[in-house]
2 protein chains.
Amino acid sequence: MQYTKSNMANEYQPPILTVDSVLFALVDDALHVLLIRRAAEPFKSQWALPGGYNASGETTRQAMDRILQRKAGIAAQDLQLVEQLYTFDTVARDPRGHAVSVTYMGLARKLSPQGNAHAQSPQLFPVHALPSLAYDHADIIRYAHNRLRAKLTYTNAVFALLPELFSLTQLQKAYEAILDRPLDKRNFRKKFLALNLAEPTTHQLKEGAHRPAQLYRFKRQELQELERSFD
Amino acid sequence: MQYTKSNMANEYQPPILTVDSVLFALVDDALHVLLIRRAAEPFKSQWALPGGYNASGETTRQAMDRILQRKAGIAAQDLQLVEQLYTFDTVARDPRGHAVSVTYMGLARKLSPQGNAHAQSPQLFPVHALPSLAYDHADIIRYAHNRLRAKLTYTNAVFALLPELFSLTQLQKAYEAILDRPLDKRNFRKKFLALNLAEPTTHQLKEGAHRPAQLYRFKRQELQELERSFD
DNA sequence: ACAAAAGTGTTAAGAATACACCCATGT
DNA sequence: ACATGGGTGTATTCTTAACACTTTTGT
């Protein structure tokens, strides 16, 4: 930050600043990402992350909230956890000109996107079956997924993807979906309970011709690091 | 990235984009950061991170290299490892107007900064004895230090701070300086050697009235994750 | 009674921690 | 010979990993 007044007034032309969001949610025990179908060129009618420009005077987080509301009908409080990821800045990423994009990851319990004039049919896609994507958005999603995997192992971030009351089986399936490998049931439960992040409730989940599951609740709904990293 | 042509042409005014760098190096077994004394307002003659504006058409990494060269006489290849940290974007962080700053961490074996017209006396300060800083640069350094601590535990990032040939004592001191706590000598050596990242050389370090130290060399000079995290 | 998912313990191997003395060198 | 930092091993505790059967419910 050492540009001078003259730079600001004359020579200096900043790149365009944009914000793109990767919203994750679990649907049927599989990790999904929210995509919208682009209404305009470039990449018209291709699938893309919800994103938009960031004007002077608003923070990137404010821009994110505004854009998600307008383009997907999603409110800031639908996201249990939001984290800035990375700033993508290669000159060629937008065919119209240099656009630097600050990216965010948002985790939600449930997403009910709404279509509108700006973007028809926002829709959730399984991360393992994504359509072809506009811009460098496939890279951004890959980056976000890696970050999520890492966060899951050393923080309590799962809380943001599960309902308030959850069974240990639901929890394990969430981990398996994101880490993309099977976990041992007994070891998983022993380890998770030892971390002491969740407490049993008086509720049970009855959902079929089998023994009902004990429901647990996270003691804290804020991000915290784990004493010992998970898996 | 959904702004329209009309936004680009008329209404849309992006914030200024800047890049700030946190360069770390070890001096006398203590972690140091490179700071420059600001030549102009605002914060004139206060210490600050080397930074500058990012023009349209250059990547933030290119801007970083250009700025470090111009303001501190440091070349890109003096940095063994560079990593993007975070993008700071609060509206009030620059008194002249909204400036969004993409920040980088750079690790060097040795820094020999050069003063010049743009910034007198770039200088290394111990992270535990920083002067008062311009802007939100104290926050940025704290963020970088946390990231460095984390990187040290799950990657081989130390290689970027040590000379090509190093003794296990030097290595341990580097860890102690950054993690800011003492480590057990025998356990440290056992664990580090088990990771198999370094190999002994035929060289020794003689530097006083005591037994000379075996010198090691990292097998790879690229960042890699450790199988088991360190400490 | 049977199908379906919930729930539960033990053993063995590996990793982390705590801890104290001898070694090689220069002066 | 002494001061200085370099180098080494073992015992204990904790953590991880592997593994299979019983329980509770709905139909």
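Just so it is clear: chains get the letters A, B, ... in the order the sequence lines come, proteins before strands, and each one is counted from 1.
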Engineer: Is B:Gln214 touching bases, backbone alone, or none of the nucleic acid, heavy atoms closer than 4.0 Å?
Structural biologist: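 Since only primed, P, OP1 and OP2 atoms lie under 4.0 Å of B:Gln214, the category is sugar-phosphate.
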Engineer: State whether the side chain of B:Gln69 and the backbone N or O of B:Arg66 hold a donor-acceptor pair below 3.5 Å, judged by distance alone.
Structural biologist: no
Engineer: Can you tell me the distance, in whole Å, between the CZ atom of A:Phe188 and the P atom of D:dA17?
Structural biologist: 14 Å
Engineer: Are A:Thr87 and B:Thr87 linked by a side-chain donor-acceptor pair shorter than 3.5 Å?
Structural biologist: yes
Engineer: Quiz question: by atom type and distance under 3.5 Å, do the side chains of B:Thr103 and B:Arg147 form a donor-acceptor pair?
Structural biologist: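 There is no such pair (donor and acceptor under 3.5 Å, judged by atom type) between the side chains of B:Thr103 and B:Arg147.
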Engineer: Consider only side-chain N and O atoms of B:Ser101 and B:Asp20, and report whether a donor and an acceptor are under 3.5 Å apart.
Structural biologist: yes
Engineer: For A:Lys110, does the NZ atom sit with more than 12 other heavy atoms under 6.0 Å from it, leaving out its own atoms?
Structural biologist: no
Engineer: Once you round it to whole Å, what is the distance between P of D:dT16 and CD of B:Glu227?
Structural biologist: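 Between P of D:dT16 and CD of B:Glu227: 16 Å.
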Engineer: What is the distance from CD of B:Gln172 to P of D:dG7, rounded to the nearest Å?
Structural biologist: 11 Å
Engineer: Between A:His210 and B:Pro212, who's closer to the 5' end of DNA chain D by nearest nucleotide?
Structural biologist: B:Pro212
Engineer: Would you kindly give the CD-to-P distance between B:Gln204 and D:dG5, to the nearest whole Å?
Structural biologist: 17 Å
Engineer: Which whole-number value in Å describes the distance from A:Glu207 CD to D:dT27 P?
Structural biologist: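 Computing the A:Glu207:CD to D:dT27:P distance gives 13 Å.
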Engineer: Can you tell me if A:Thr169 touches the phosphate of C:dA6, counting only side-chain N or O atoms and a distance under 4.0 Å to OP1 or OP2?
Structural biologist: yes
Engineer: State whether a side-chain donor-acceptor pair under 3.5 Å links B:Thr18 with B:Arg93.
Structural biologist: no
Engineer: Among side-chain atoms of A:Thr60 and A:Tyr104, is any donor-acceptor pair under 3.5 angstrom?
Structural biologist: yes
Engineer: When the distance from CZ of A:Arg189 to C1' of D:dA17 is rounded to whole Å, what number comes out?
Structural biologist: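 Whole-Å distance recorded here is 17 Å.
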Engineer: Which whole-number value in Å describes the distance from B:Leu205 CG to C:dG26 C1'?
Structural biologist: 14 Å
Engineer: Once you round it to whole Å, what is the distance between C1' of C:dA6 and CG of A:Leu171?
Structural biologist: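 A:Leu171 atom CG is separated from C:dA6 atom C1' by 14 Å.
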Engineer: Using a 4.0 Å heavy-atom cut-off, write out nucleotides 14-22 of chain C from 5' to 3' as B (base contacted by protein), S (sugar-phosphate only) or - (no contact).
Structural biologist: -SSBBBB--
